[in-house]
Amino acid sequence: MVQGNGGLVWCGSGRDATQRWQRKSIRHCSLRYGKLKPHAMRDIDLSSQDNLSLTSTETPPPLYVPASQRGMQKIVDPLARGRAFRMVEEVDGHSVPQTPATPGGTSLCSFTSSRSGAARLPRRRKRESVAKMSFRAASALVKGRSLRDGTVHRTQRRSFTPSLFLEEEGVEMPEELDTSFFTRDRSAREELSSFADEVFESPADGVARETEPLRVAEDSDLTGSALDKSELERSHQMMPLERGWRKSREGPPPPPKVRLRQEVVSLEGQRRGQRIALPVKKLFAREKRPYGLGMVGKLTNRTYHKRIDSYVKRQIEDMDDHRPFFTYWITFVHLLITILAVCIYGVAPVGFSQHETVDSVLRNKGVYENVKFVQQENFWIGPSSEALIHLGAKFSPCMRQDQQVHRLIQAKRARERDSACCVRNDRSGCVQTAPEECSTTLAVWVKWPAHPSAPLLGGKPRQHGSVCHQDPRICLEPASVSPHEWPDDITKWPICTRHSTANHTNLPHMDCAITGRPCCIGTKGRCEITSREYCDFMKGYFHEEATLCSQVHCMDDVCGLLPFLNPEIPDQFYRLWLSLFLHAGILHCLVSVGFQMTILRDLEKLAGWLRISIIYILSGITGNLASAIFLPYRAEVGPAGSQFGILACLFVELFQSWQILAQPCRAFAKLLCVVLLLFAFGLLPWIDNFAHAFGFISGLLLSFAFLPYISFGRADMYRKRCQILASLAAFLALLSGLAVLFYVRPFKCDWCELLTCIPFTDKFCEKYDLNAHLH
């Protein structure tokens, strides 16, 4: 069959056979379904007149006659998607789009859909709403199925009535009706049914249906006149190149006895008239992650050997592929916490050195002084170091009783034990100071027992004191009465929460206005008795209810989070894994997200969320523990140890699949260069190479124990099982050794900082604790 500009011409039958088929098909409809419409009756009359004129003339009929001369319907462009293409009707429970009539598509189906006689159009179904389609997509996602699961298989629709419909029993046909066209042999009917209406059917999944090229094959059963070469070429040029048809690439013209046939591969999917649903399934794609390859394997040009043993190949094919739920969860947590931290604590000065701020501040002496505040800059665009410590960064003084910080606290208390209240002569103000800080001309240093205001303890005057705004004789709660009397050591005095309301006690250290209270400054909890203005300028923690530094616990203020069980002993060991969810800034978080959505996600598809989460968390804990030993006073955040543990998984995966890869040495060299480059970046400040190194080592051991593997024989299988036990034992030994060095036998390493930060400038690797300088 060749389709021209004006209609449909059957090979071997010509115009006579085409008109005879149209006329008899219309008569068949009228006898079976009732009276036809007027335009159909006109077609019958015109066809009869043409038939009479053809029989009366001796001139042979032309091969091609325009549609206007034959009385056929007007051609409608099948690619013009008007209302007919958008309306959907139900046929046998399936959604079938209405299609406009064309000369090539005019058949029994075209007239059976008309509203003549007993025939009626089926009820049209309304288009689904967006809410209904969204609900259906969500329910399919929850059930773990795609949107196409459970749908009715698509039925094959033709432009011509199927042969079974015409051969139905009980249909009375008149004797004069020539049914030779409808009762062809089976091969001819299959040929007609093979012409799928590609114009009126939409391909599956919203894309063009894949079809085989037009094939020309010999058929000994089908006879007819040979096609002219020019007509065959013209038919090839007229065929659309899209929507299921492809341009024919045939060479020379076929032999005389030919048949044109097109095979269509019909896929189940979206139908015309329905909206294209959102591919929600792609959000949780489960593409097979080949063992030993993956995304990093593609970057390093890993390839399999041309010949792989069937036993090994079967193991590779039987490996499960997993959804990266842990990657999605950890990435969401990282983004959420970073956004909240930046919004609440703000952004520190950006850079690699130290930032200085100078201002005139009122101090406890009642005069303004120029003070310089120094803090470490953050090139990650995030909070300051003290804010990160308050959020849960890795910081040794918050995880154990640090000897250096403990000695500073004890020295401060020793000096405070010999301090007293310095009262101005006009009693306009007083502050707790040492004797050298109190002016002898402008103030009086009220020191017990020399001063007559000294109270008695056991019948003897107290040896230590006085304390501004605090006296055992005035405080009502807690009261200093037997047997709970306040000791002579003022550093052991509690905070007085309620005292006598008398305006004048005749005690100089009680009737003055106090100008200084304890303030905790810096990351090491340095305490100073100073004014609120100075404390705010230094970004410290001001205690307005206390009067002595010994009454406050600065390390508890600096560390934040949960309070210590014993205020004197820090015990926030949970910072080892809590810091894995924090980042130093926005850039730091973006780097982690990029790493996790590529390498971590790729490995999780291979190993599953449980195995990869164990490697991720334990590698990070080991790296943070080593960093807390060698760099105790640096506030470190981020999953640096975990990420290098994941990088170690790539090496282990490469080693386990070494025998089946074509170029394993090349892949190993590329991976090694990447890891060495990342270690070089660890020489910058705020990046910890100790966490990188020990996270990588622990990741190697854990990967040998938890990553899936393939065996190359029984001996190799036993060897890898022993390797699992040895790796677990080595990791437990490593973790136990680091725990002993951190809690039991701590040591100090001054030169270890050179391994994580090289001082390119004088202040490139400065300490992270805060300092104040007076001008």
Side-chain angles (χ1 to χ4, degrees), residues 385 388-410 523-525 553-556 558-582 614-645 648 682 686-702 728-757 767-769:
S385 57
L388 294 175
I389 293 174
H390 210 68
L391 284 170
K394 183 273 306 174
F395 191 58
S396 295
C398 296
M399 302 162 61
R400 65 178 181 184
Q401 190 177 41
D402 187 78
Q403 295 299 323
Q404 181 179 355
V405 176
H406 183 69
R407 286 194 296 267
L408 292 176
I409 294 175
Q410 295 300 324
T523 58
K524 295 182 180 179
H553 304 282
C554 287
M555 287 309 304
D556 207 348
V558 171
C559 297
L561 299 179
L562 298 178
F564 304 146
L565 297 178
N566 184 355
E568 302 292 336
I569 303 176
D571 54 4
Q572 296 179 352
F573 60 90
Y574 49 84
R575 290 175 176 267
L576 291 174
W577 63 81
L578 184 61
S579 61
L580 300 179
F581 303 96
L582 302 175
I614 292 175
I615 298 174
Y616 188 93
I617 299 297
L618 292 183
S619 298
I621 291 175
T622 307
N624 284 339
L625 186 57
S627 177
I629 294 173
F630 296 102
L631 302 173
Y633 306 116
R634 290 183 58 174
E636 300 290 345
V637 292
S642 301
Q643 293 170 359
F644 271 76
W686 290 65
I687 302 178
D688 190 0
N689 257 348
F690 287 101
H692 294 173
F694 283 87
F696 187 83
I697 295 173
S698 60
L700 279 176
L701 299 176
L702 292 171
L728 287 176
F731 173 75
L732 293 177
L734 175 63
L735 187 62
S736 302
L738 293 176
V740 170
L741 290 177
F742 183 69
Y743 285 106
V744 181
R745 299 292 300 273
F747 71 97
K748 184 178 181 181
C749 180
D750 297 330
W751 58 271
C752 291
E753 294 186 359
L754 297 177
L755 298 177
T756 188
C757 184
K767 307 298 181 182
Y768 282 71
D769 53 341

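Position 1 is the first residue of the sequence; numbering continues from there.
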Run the ring pair (Phe, Tyr, Trp, His ring centres under 6.0 Å) test against [X] and tell me which residues pass, sequence neighbours left out.
X	answer
H390	Y541
F696	F651
F395	none

So how far is it from [X] [atom1] to [Y] [atom2], rounded to the nearest 0.5 Å?
X	Y	atom1	atom2	result
M555	T523	CE	OG1	8.0 Å
L391	C559	CG	SG	12.5 Å
C752	N689	SG	CG	12.0 Å
L738	S698	CG	OG	9.0 Å
L701	L618	CG	CG	11.5 Å
I569	F564	CD1	CZ	10.5 Å

Please list, one pair per line, the donor and acceptor atoms closer than 3.5 Å that link side chains of residues 397-405 to other protein atoms, with sequence neighbours excluded.
{"from": "R400", "atom 1": "NH1", "to": "F742", "atom 2": "O", "distance (Å)": "2.6"}
{"from": "Q401", "atom 1": "NE2", "to": "H406", "atom 2": "ND1", "distance (Å)": "3.4"}
{"from": "Q401", "atom 1": "NE2", "to": "E568", "atom 2": "O", "distance (Å)": "3.4"}
{"from": "D402", "atom 1": "OD1", "to": "Y633", "atom 2": "OH", "distance (Å)": "3.1"}
{"from": "D402", "atom 1": "OD2", "to": "Q404", "atom 2": "N", "distance (Å)": "3.2"}
{"from": "D402", "atom 1": "OD2", "to": "V405", "atom 2": "N", "distance (Å)": "3.2"}
{"from": "D402", "atom 1": "OD2", "to": "Y633", "atom 2": "OH", "distance (Å)": "2.7"}
{"from": "Q404", "atom 1": "OE1", "to": "Y633", "atom 2": "OH", "distance (Å)": "2.8"}

Over all heavy atoms of both residues, which pair between [X] and [Y] is shortest? Give the atoms and the distance, please.
X	Y	value
S396	A628	OG-O, 2.7 Å
L702	I614	CD1-O, 4.4 Å
S385	A635	O-CB, 4.1 Å
G620	S642	CA-OG, 3.2 Å

Quick check: does any side chain N or O of [X] sit under 3.5 Å from a backbone N or O of [Y], one acting as donor and the other as acceptor?
X	Y	answer
R575	I389	yes
K394	R634	yes
D688	S627	no
Q643	G695	no

Side chain to side chain contact (heavy atoms under 4.5 Å, CB included) partners of [X], counting only residues at least two apart:
X	value
L562	Y574
L735	T622, L625, F731
I621	L576, W577, I617
L732	none

Evaluate the ring planes of F747 and F630, with Trp represented by its six-membered ring, and classify them as parallel (under 30°), tilted (30 to 60°) or perpendicular (over 60°). perpendicular
Can you tell me which residue pairs pass the side-chain hydrogen bond (donor to acceptor under 3.5 Å, both in side chains) test with a partner in residues 730-741, sequence neighbours excluded?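 Applying side-chain hydrogen bond (donor to acceptor under 3.5 Å, both in side chains) to every pair that reaches into residues 730-741, excluding sequence neighbours, yields nothing.
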Assess the residue pair D571 and N566 against the criterion (side chain to side chain contact (heavy atoms under 4.5 Å, CB included)); give the C-alpha distance rounded to whole Å, side-chain angles, the decisive distance to 0.1 Å, and a yes or no. CA-CA 8 Å; D571 54 4; N566 184 355; over 6 Å; no
Could you please spell out the steps behind the side chain to side chain contact (heavy atoms under 4.5 Å, CB included) verdict for F690 and I629? CA-CA 9 Å; F690 287 101; I629 294 173; over 6 Å; no
